[in-house]
Amino acid sequence: MNDFTLTRNPFGKLVFASEQGTHVGVVPVRAFPIAAPDTGIALVDTDGHELAWIERLADLPQATRTLLEEELKSREFLPEIRRIVEVSTFAVPSTWKVETDRGLASFVLKGEEDIRRVAESTLLIADSHGVQFLIRDTQALDKASKKILDRFL
């Protein structure tokens with residue numbers, strides 16, 4: 001079990017307290033944000049020094065886990081594509097309309113090289129502005145989405 005407490009101060013900053021002291025403005029950092037988002041999280045101070053290592057979020061008390069999940073969600077913007085609605089053309093650049101875990105989105109794919117495989121069935125797609133979209137599992141996509149995606153891979 002971890003020997004620390006985590007709270008949020010009135011200014012919205014995370015406050016880490018342990019036997020070694022109290023630190024305001026603590027930041028959680030995932031070791032493997034795509035491959036293993038719920039394991040390997042470091043809590044670092046404002047100077048980047050590690051204060052605690054969390055093996056698994058599930059091992060934390062509910063209140064601490066909720067605080068960390070909220071903080072990570074507010075810091076990380078990585079919409080997950082659930083469905084590809086349509087693409088303007090199968091040539092690039094093309095405009096993609098997708099359904100994500102954060103709602104509908106539209107972006108321009110400049111080139112096929114902006115689709116990167118990060119694991120066997122996990123892809124990162126960068127739009128023309130550098131925003132990253134995640135497809136966690138290509139096999140979980142519906143048939144139409146897979147067919148569209150196959151044209152670009």
Side-chain angles (χ1 to χ4, degrees), residues 1-2 4 6 8 12-16 23 25-153:
M1 198 58 165
N2 297 301
F4 67 86
L6 198 62
R8 194 176 295 281
K13 303 271 187 190
L14 287 182
V15 179
F16 174 92
H23 300 269
V26 172
V27 176
V29 179
R30 296 185 203 262
F32 305 102
I34 295 169
D38 295 331
T39 60
I41 298 170
L43 295 177
V44 298
D45 66 14
T46 55
D47 294 324
H49 299 112
E50 185 177 302
L51 302 170
W53 178 258
I54 300 162
E55 282 296 326
R56 294 173 0 115
L57 273 176
D59 294 341
L60 296 174
Q62 182 61 43
T64 303
R65 183 171 58 244
T66 300
L67 269 177
L68 282 175
E69 288 170 342
E70 288 171 357
E71 188 69 17
L72 287 163
K73 188 173 184 177
S74 73
R75 292 185 67 237
E76 299 171 344
F77 184 72
L78 187 65
E80 187 173 331
I81 294 174
R82 302 269 167 85
R83 184 170 74 92
I84 302 170
V85 178
E86 68 176 331
V87 295
S88 61
T89 177
F90 291 111
V92 287
S94 62
T95 302
W96 290 42
K97 291 184 181 171
V98 296
E99 184 180 303
T100 74
D101 61 337
R102 297 172 187 242
L104 294 174
S106 179
F107 63 87
V108 174
L109 179 72
K110 292 186 302 186
E112 285 95 355
E113 66 275 3
D114 292 324
I115 301 175
R116 293 190 341 251
R117 188 172 300 278
V118 292
E120 186 175 328
S121 62
T122 304
L123 302 174
L124 271 180
I125 302 174
D127 76 0
S128 59
H129 300 292
V131 174
Q132 301 282 325
F133 290 83
L134 174 68
I135 298 179
R136 190 167 302 280
D137 182 4
T138 55
Q139 299 307 309
L141 292 172
D142 63 278
K143 187 177 180 179
S145 296
K146 284 191 237 183
K147 188 174 181 178
I148 292 170
L149 189 58
D150 284 345
R151 300 284 299 265
F152 289 90
L153 295 177

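Along the sequence shown, the residues carry numbers beginning at 1. Model, not experiment: these values are computed from the prediction.
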How far apart are the closest heavy atoms of [X] and [Y], and which atoms are they?
X	Y	value
Val118	Leu123	CG2-N, 4.4 Å
Ile84	Ser145	N-OG, 2.8 Å
Leu14	Glu71	CD1-CG, 3.6 Å
Asp101	Arg82	CB-NH2, 3.2 Å
Glu112	Phe152	CG-O, 3.4 Å
Thr95	Ser106	CG2-OG, 3.5 Å

Side chain to side chain contact (heavy atoms under 4.5 Å, CB included) with Arg30: which of Ile54, Leu72, Thr39?
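Testing Arg30 for a side chain to side chain contact (heavy atoms under 4.5 Å, CB included) against Ile54, Leu72, Thr39 leaves exactly one candidate, Leu72.
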
Are any of the side-chain heavy atoms of [X] and [Y] separated by less than 4.5 Å?
X	Y	result
Ile115	Leu153	yes
Val108	Trp96	no
Val98	Phe107	yes

Distance (rounded to the nearest 0.5 Å) between [X] [atom1] and [Y] [atom2]:
X	Y	atom1	atom2	answer
Arg65	Leu6	CZ	CG	13.0 Å
Leu68	Leu60	CG	CG	6.0 Å
Leu51	Asp45	CG	CG	5.0 Å
Thr64	Leu57	OG1	CG	10.5 Å
Ile81	Ile135	CD1	CD1	4.5 Å
Thr122	Glu120	OG1	CD	9.0 Å

Looking at Asp47 and His49, would you say the former's side chain and the latter's main chain have a donor-acceptor pair under 3.5 Å?
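No, because the side chain of Asp47 does not come within donor-acceptor range (under 3.5 Å) of the backbone of His49.
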
Is there a donor-acceptor pair closer than 3.5 Å between any side-chain N or O of Ser121 and the backbone N or O of Asp137?
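Side chain of Ser121 to backbone of Asp137, a donor-acceptor pair under 3.5 Å: no, none is there.
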
Set of salt bridge (charged side-chain N to carboxylate O under 4.0 Å, His left out) partners for Lys97, sequence neighbours left out:
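Lys97 satisfies salt bridge (charged side-chain N to carboxylate O under 4.0 Å, His left out) with Glu86 only.
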
Under the salt bridge (charged side-chain N to carboxylate O under 4.0 Å, His left out) rule, what do Glu80 and Arg136 come out as? Steps first, then yes or no, please.
CA-CA 7 Å; Glu80 187 173 331; Arg136 190 167 302 280; 3.4 Å; yes

Go through the steps to decide whether Phe4 and Leu43 satisfy the test side-chain contact (heavy atoms from CB on, under 4.5 Å), and finish with yes or no.
CA-CA 11 Å; Phe4 67 86; Leu43 295 177; 3.8 Å; yes

Worked check of side-chain contact (heavy atoms from CB on, under 4.5 Å) between Phe133 and Leu124:
CA-CA 6 Å; Phe133 290 83; Leu124 271 180; over 6 Å; no

Does the pair Arg56 and Asp59 meet the rule for a salt bridge (charged side-chain N to carboxylate O under 4.0 Å, His left out), with working shown?
CA-CA 6 Å; Arg56 294 173 0 115; Asp59 294 341; 3.1 Å; yes

Do Glu70 and Thr66 get their side chains close enough for a donor-acceptor pair, meaning under 3.5 Å?
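On atom types as modelled, these side chains do not qualify, holding no pair under 3.5 Å.
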
Just wondering, are more than 12 heavy atoms of other shown residues or ligands nearer than 6.0 Å to CZ in Arg102?
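Atom CZ in Arg102 is crowded, with more than 12 foreign heavy atoms closer than 6.0 Å.
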
